Amino acid sequence: METKQAPKLPHSPTYNLLLQAGPRLYLLHQVHAHIIVSGYGRSRSLLTKLLNLACAAGSISYTRQIFLTVPNPDSFLFTSLIKSTSKSHNFSIYSLYFYSRMVLSNVLPSNYTFTSVIKSCADLLALKHGRVIHGNVLVHGFGLDVYVQAALVALYGKCGDLINARKVFDKIRDRSIVAWNSMISGYEQNGFAVEAIGLFDRMKEMGVEPDSATFVSVLSACAHLGAFSLGCWVHEYIVGNGLYLNVVLGTSLINMYKRCGNVSKAREVFDSMKERNVVAWTAMISGYGTNGHACAHAGLVNEGRRLFASIREEYRLVPGVEHHVCMVDMLGRAGLLEEAYNFIKEEIPENPAPAILTAMLGACKMHKNFDLGAQVAGHLLAAEPENPAHYVILSNIYALAGRMDQVEIVRNSMIRKRLRKQVGYSTIEVDQKTNLFSMGDKSHSETNEIYHYLDELMWKCREAGYVPVSDSVMHELEEEEREFALRYHSEKLAIAFGLLKTSHGTPIRIVKNLRMCEDCHSAIKFISVISNREIIVRDKLRFHHFKAGSCSCLDYW
DNA sequence: ATAGGGTTAG
């Protein structure tokens, strides 16, 4: 017996004209005219298709104009309109608009309506509207539709409401790969890299096969944590399972490798990609930059000046804060303090962004220009009086200049404002698990072993000629604390742990949330010789590759 | 008459 299938009816000639026109405005206008002239001006099906195409063609005004001519828009028309508008970021707001018109017209929404309108809320980060719509979902009985649930998880995740994202996620009975991906990316995008990886492990335990979207988030989490071996595992999995390296996935891999300090692997991936766009190129270039292969480090000041000029002259773009910061950093590093300062005054005469002044201040500190430093710090404190980092660097500058009275004043004003220095920490991945250390941390299960080993190591460093550099420690600390703090800075603890736990020949990779201090920088150079290991430290701004007693940053950072 | 879904990089 053959099964009876519903016969597939051919499209009407007019409908075919619409299909042929596609999302091209001038053709759509012609077909629209044809529709009206041939008396189909009230055909909902034709108007629906026309609306979708007008929207896809990018004209929201034409879309609205057509919408207003539809006699009685039905659920399908509203839904398709909401879906079309949800596809473009620019039109998300109209998605909400048409949804509210739908509700006001008493037209019943479907589960398809909700997936689209929720996506628009997510793109708009419209959490309040999202909550209301979530209520509507429940009222209309779609609370257990897996597509709607996945959209809700993504909505809450994007809006930073992880509690509700997880609540919805936990209620999903049969979790699709997209539901898992939404929750994992929710954690990742909100800075919870460890949780993202934890959920990924759970997903694997449950036998769910990850896909490229899963890996994009997981790689992002690896990049965040500097989790090199997990990142390599993901890469092997991708290759082993023959997953296609599309631009997004490829760029995620590049990003992971470069943020783990391995530019050559990043480059291998880049070279193997079939398609590359601006994002991929930018990821690769910035990888070279942060790892010390760019103008500011190589001292290619003329090249840098020329590139900056080309932003306007060749590319017709307006330089942004990030470009200004780079210029000031590059000039400052090269010792051209005056040029850097004039650059700021000329390029950004009013209210330069704090990041630009911070770069200037760093340059003043590096080249010990205390007068200019104090002047810059004054502007910076006026712009951001609540940021403790500015007070710390200013007090460091005064200390370097030997003006302890000023150090005292800065310190007191910090105390008065109840500002505290951001807590520094370092992480290191061992056996695909990330271990976190903070200064003087004794919470680790192998604390005694680690401290003992570190003391021994520092002793050997001293024998080899290492002298502690105490001026980089916070000046608000008491003398005794200072010595302790210096000896047990988080990166030193993490390195000691790494040396204890990994075999010879394996590079040690550390991620630090703040800038590295001068003392640690000097100590690690000695450690790299004594332990005969390559040590790679990623600090807040850039990479330091220590090998045989020297660092890739050439002591400028 | 006919038509559709949620996740992913700097």
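Chain identifiers are assigned alphabetically (A, B, ...) following the order of the sequence lines, protein sequences preceding nucleic acid strands; residue numbering begins at 1 within each chain. Keep in mind the model is a prediction, meaning the values are calculated, not measured.
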As a test of reading the structure: which of B:dG10, B:dT8, B:dG4 is closest to the side chain of A:Thr79, going by heavy atoms?
B:dG4
Tell me which nucleotide among B:dG10, B:dT7, B:dG6 gets nearest to the side chain of A:Val279.
B:dG10
Which one, B:dA9, B:dA3, B:dT8, comes nearest to the side chain of A:Ala213?
B:dT8
Among residues 225-242 of chain A, which ones have heavy-atom contacts with DNA chain B below 4.0 Å?
none
Is any side-chain N or O of A:Asn277 under 3.5 Å from a base N or O of B:dA9, one able to act as donor and the other as acceptor?
yes
Answer with base, sugar-phosphate or nothing: what part of the nucleic acid does A:Ser182 contact at a heavy-atom distance below 4.0 Å?
sugar-phosphate
Are OP1 or OP2 of B:dA1 and a side-chain N or O of A:Lys49 less than 4.0 angstrom apart?
no
With heavy atoms under 4.0 Å as the rule, sort A:Ser45 into base, sugar-phosphate or nothing.
base
Touch check for A:Thr113, heavy atoms < 4.0 angstrom, all strands: base, sugar-phosphate only, or nothing?
nothing
Measuring from the side chain of A:Tyr112 (C-beta onward, heavy atoms only), which nucleotide among B:dT7, B:dT8, B:dG5 has the closest atom?
B:dG5
Counting side-chain heavy atoms from C-beta on, which of B:dG5, B:dG6, B:dG10 comes nearest to A:Ser176?
B:dG6
Answer yes or no: is there an ion pair linking A:Lys512 with A:Asp539, defined by an N-O contact shorter than 4.0 Å?
no
Rounded to whole Å, please give me the gap between CG in A:Asn16 and C1' in B:dA1.
12 Å
Please determine, for the side chain of A:Phe76, which listed nucleotide (B:dG6, B:dG10, B:dA3) has the closest atom?
B:dA3
Pair up each side-chain donor or acceptor in residues 143-160 of chain A with any protein partner under 3.5 Å, not counting sequence neighbours, and list the distances.
residue, atom, partner, partner atom, Å
A:Asp145, OD1, A:Tyr147, N, 2.9
A:Asp145, OD1, A:Val148, N, 3.0
A:Asp145, OD2, A:Asn111, ND2, 2.9
A:Gln149, NE2, A:Gly143, O, 3.2
A:Tyr156, OH, A:His134, ND1, 2.7

Taking only the side-chain heavy atoms of A:Lys83 (C-beta and beyond), determine which of B:dT7, B:dT2, B:dG5 contains the nearest atom.
B:dG5
Would you verify whether the NZ or CZ of A:Arg175 falls within 45 degrees of the ring axis of A:Phe169 while also being under 6.0 Å from that six-membered ring's centre?
yes
Nearest-angstrom distance from the residue atom CG of A:Asn181 to P of B:dG6
14 Å
Suppose the criterion is side chain to side chain donor-acceptor pair (under 3.5 Å): which pairs have a residue in residues 236-247 of chain A, not counting sequence neighbours?
A:Glu209-A:Tyr237, A:Tyr244-A:Glu275
A:Val248 has its side chain closest, among B:dG4, B:dA9, B:dG6, to B:dA9
Any donor-acceptor N or O pair under 3.5 Å, side chains A:Arg267, A:Tyr257
no
Have A:Thr14 and A:Asn16 got a donor and an acceptor in their side chains that come within less than 3.5 Å?
no
Using only side-chain N and O atoms of A:Gln189, determine if any of them is under 4.0 Å from OP1 or OP2 of B:dA9.
yes
Could you check how far CD of A:Gln149 sits from P of B:dT7, rounded to whole Å?
14 Å
Is there a donor and acceptor pair, one atom on the side chain of A:Ser12 and one on the base of B:dA1, closer than 3.5 Å?
yes
A:Thr79 side chain to A:Thr113 side chain, donor-acceptor N/O pair below 3.5 angstrom
yes
Under a plain distance cut-off of 3.5 Å, with no hydrogens placed, do A:Lys258 and A:Thr290 share a side-chain donor-acceptor pair?
no
